[in-house]
Amino acid sequence: MDLAPLPIEAQRPAPDDPVTVLGLESTCDDTAAAVVRVSAGGAVEVLAEAVLGQDAAHAPFGGVVPEIAARAHAVKLDGLIADVMVRAALTFPELSAVAATAGPGLVGGVLVATSAAKAVAVAAQIPFIAVNHLEAHALSPRLSDPVDFPYLTLLVSGGHTLLVRAEGIGRYTRLGASLDDAAGEAFDKAAKLMGLGMPGGPAIEACAMAGDPERFALPRPLVSKPQCDFSFAGLKTAVARAWADSAQTSQDRADLSASVQTAIADCLADRTTRALTMAGDTVTGLAVVGGVAANQEIRTRLQAVARAAGLPMHAPPLHWCTDNGAMVALAGAERLLAGYTDALDTPARARWPLDEAAATAAPASGSGKKGPKA
Ligand code: KG4
Ligand code: ZN
């Protein structure tokens with residue numbers, strides 16, 4: 001089979017034509033597909049989308065098991081693709097391109113969506129676009145809101161905690177990142193310690209409703225420190241100690257959930273305030289993206305941070321905070337409109353930093369990798 005990309009003239013959309021892109025996602029434990037149309041004026045329409053989680057399959061192991069995740073993606077993805085194409089009332093050759101997240105993520109899973117997308121590209125003779133999962137999150141507020149570049153992005157998910165200045169498609173400058181665990185990982189580990197279900201973030205949020213956030217004195221690592229980095233590993237240790245020293249009643253669980261949620265919110269608010277100060281008046285707003293951005297207390301706190309800086313906050317609706325196909329399709333459409341397409345031998349990548357500067361730096365966990373949550 002000829003693995004050369006289609007000739008460039010076959011790939012580039014005509015200037016005033018809308019682009020319609022199928023986007024596929026399988027980097028961790030959500031299998032997702034969506035068809036998104038972007039008009040030349042930038043209006044975004046999600047024609048169809050579908051997402052399937054795998055929580056029940058991983059629950060007995062207390063975290064995401066890569067082999068189980070990859071198999072589940074392989075079993076489910078074709079059906080999701082057929083479903084969204086039928087609901088969008090489109091055939092493959094009618095698409096402008098097909099996009100898949102090619103990393104960072106669990107590589108067995110990443111291979112599922114990238115292989116499917118490449119097969120569609122070859123069969124329908126349309127361009128293939130390899131999307132960075134972090135760029136898909138960073139662009140996700142633009143699904144519902146015409147957010148202008150440059151904007152500061154706080155990306156908080158299960159594998160990453162990053163503050164980046166989004167300057168344009170493919171152009172990101174890192175201001176800070178987690179030196180150890182990601183914020184979502186801190187939620188997930190705290191939930192596991194307290195015997196709450198997975199994913200841990202929503203479980204902690206629900207449990208915290210009945211809790212006292214001041215009951216347990218937890219650390220706020222790196223708060224008030226220079227730079228804009230994060231650290232959450234010490235928080236996990238403190239939660240483990242507090243839980244072990246308590247009577248482990250349901251009220252203890254609620255109070256510790258509320259305390260850890262507020263500690264994480266404090267860290268995110270402090271570091272983001274610092275990044276906004278560093279960015280000065282060079283950004284148009286604050287975008288809060290990734291699974292942890294679905295947390296109501298965190299949204300409210302960051303809303304206040306943005307307001308204090310005199311800037312709007314943009315956060316996607318909750319179902320576009322966690323992994324989804326629409327953000328991948330949008331990133332693919334935006335990359336196509338910006339003139340980027342990818343060769344069919346583009347690899348699936350376990351690591352793929354968002355900013356070029358970090359590509360040469362030593363990798364920090366929580367900053368550009370996505371590993372198993374188990
Ligand atoms: O973006 P995402 O779906 O996958 C990754 O790219 O990692 O994020 C998943 C993470 C998990 O750690 C999950 O516990 C967390 O997002 N999360 C939440 C909430 N919903 C999901 N954390 C706090 N509060 C939530 N409501
Ligand atoms: Zn994600």
Side-chain angles (χ1 to χ4, degrees), residues 150-157 159-166 172-190 201 204-205 208 211-242 255-283 285-290 292-293 295-313 315 354-355 357-358 361-368:
Y151 54 87
L152 181 73
T153 305
L154 171 66
L155 196 165
V156 268
S157 68
H160 322 98
T161 302
L162 282 174
L163 276 162
V164 291
R165 192 171 181 276
Y172 303 89
T173 302
R174 178 185 298 203
L175 298 179
S178 179
L179 304 177
D180 40 58
D181 291 353
E185 216 173 335
F187 272 109
D188 294 337
K189 286 178 175 172
I204 294 235
E205 180 168 27
D212 171 5
E214 293 179 8
R215 157 93 186 277
F216 293 96
L218 299 176
R220 268 66 170 161
L222 298 186
V223 158
S224 304
K225 291 282 186 295
Q227 313 306 329
C228 302
D229 291 330
F230 304 85
S231 169
F232 293 106
L235 196 50
K236 186 194 89 175
T237 312
V239 169
R241 198 173 305 123
D255 291 343
L256 192 50
S257 291
S259 301
V260 75
Q261 179 171 269
T262 299
I264 292 171
D266 283 348
C267 296
L268 297 177
D270 175 83
R271 309 285 65 204
T272 305
T273 301
R274 186 158 198 94
L276 281 172
T277 310
M278 277 171 66
D281 57 4
T282 67
V283 290
L286 170 67
V288 185
V289 304
V292 178
N295 183 284
Q296 209 49 58
E297 178 174 347
I298 288 170
R299 288 169 92 92
T300 306
R301 292 292 300 283
L302 290 160
Q303 183 79 62
V305 165
R307 199 179 307 116
L311 292 170
M313 184 186 92
L354 183 54
D355 52 325
S365 69
S367 60

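Worth saying up front: this structure is predicted, and the values here are computed from it rather than measured.
- Atoms CG and CG, on D229 and L179 in that order, are 4.5 Å from each other to the nearest 0.5 Å.
- Heavy-atom minimum distance, M313 versus Q303: SD-N, 3.4 Å.
- Atoms CD1 and CD, on I264 and E297 in that order, are 10.0 Å from each other to the nearest 0.5 Å.
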Exercise for the section: Start with the C-alpha distance between D355 and T173, add both sets of side-chain angles, then the distance that settles side chain to side chain contact (heavy atoms under 4.5 Å, CB included), and finish with yes or no. Expected result: CA-CA 6 Å; D355 52 325; T173 302; 5.8 Å; no
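- Nearest approach of S178 to F232, heavy atoms of both residues: OG-CD1, 4.3 Å.
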Handout entry: Chi angles and distances behind the side chain to side chain contact (heavy atoms under 4.5 Å, CB included) call for Q261, E205
Key = CA-CA 7 Å; Q261 179 171 269; E205 180 168 27; 3.6 Å; yes
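- Although no hydrogens or angles enter the test, the distance criterion places no donor-acceptor pair under 3.5 Å between the side chain of R215 and the main chain of L256.
- Minimum interatomic distance between D212 and A258 (heavy atoms only, all atoms of both residues): C-CB, 3.9 Å.
- Considering all non-hydrogen atoms of both residues, A183 and T161 come closest at N-OG1, 2.7 Å.
- Here the closest non-hydrogen pair linking F230 and L268 is CE2-CD2, 3.7 Å.
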Exercise for the section: Output, in order, the C-alpha distance, side-chain angles, deciding distance and verdict of side chain to side chain contact (heavy atoms under 4.5 Å, CB included) for F187 and N295. Expected result: CA-CA 11 Å; F187 272 109; N295 183 284; 4.0 Å; yes
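- Under 4.0 Å is where a charged nitrogen must lie from a carboxylate oxygen, and between D181 and K189 at least one such pair does.
- Considering all non-hydrogen atoms of both residues, A177 and L162 come closest at CB-CD2, 3.7 Å.
- Separating the CD atom in Q296 from the CZ atom in R301 is a distance of 13.5 Å, to the nearest 0.5 Å.
- Expressed to the nearest 0.5 Å, how far CG of D180 lies from OG of S231 amounts to 3.5 Å.
- R165 is linked by a salt bridge (charged side-chain N to carboxylate O under 4.0 Å, His left out) to E167, counting only residues two or more places apart in sequence or in another chain.
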List the atom pairs, donor and acceptor, that lie under 3.5 Å between side-chain atoms in residues 217-227 and the rest of the protein, sequence neighbours left out.
unit_1	atom_1	unit_2	atom_2	d
R220	NE	D266	OD2	2.9
R220	NH1	L218	O	2.8
R220	NH2	D266	OD2	2.9

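- Between the side chain of D255 and the main chain of G211, no donor-acceptor pair closer than 3.5 Å is present.
- For the side chain to side chain contact (heavy atoms under 4.5 Å, CB included) with V288, the qualifying choice from V305, L152, L154 is L154, the only one to do so.
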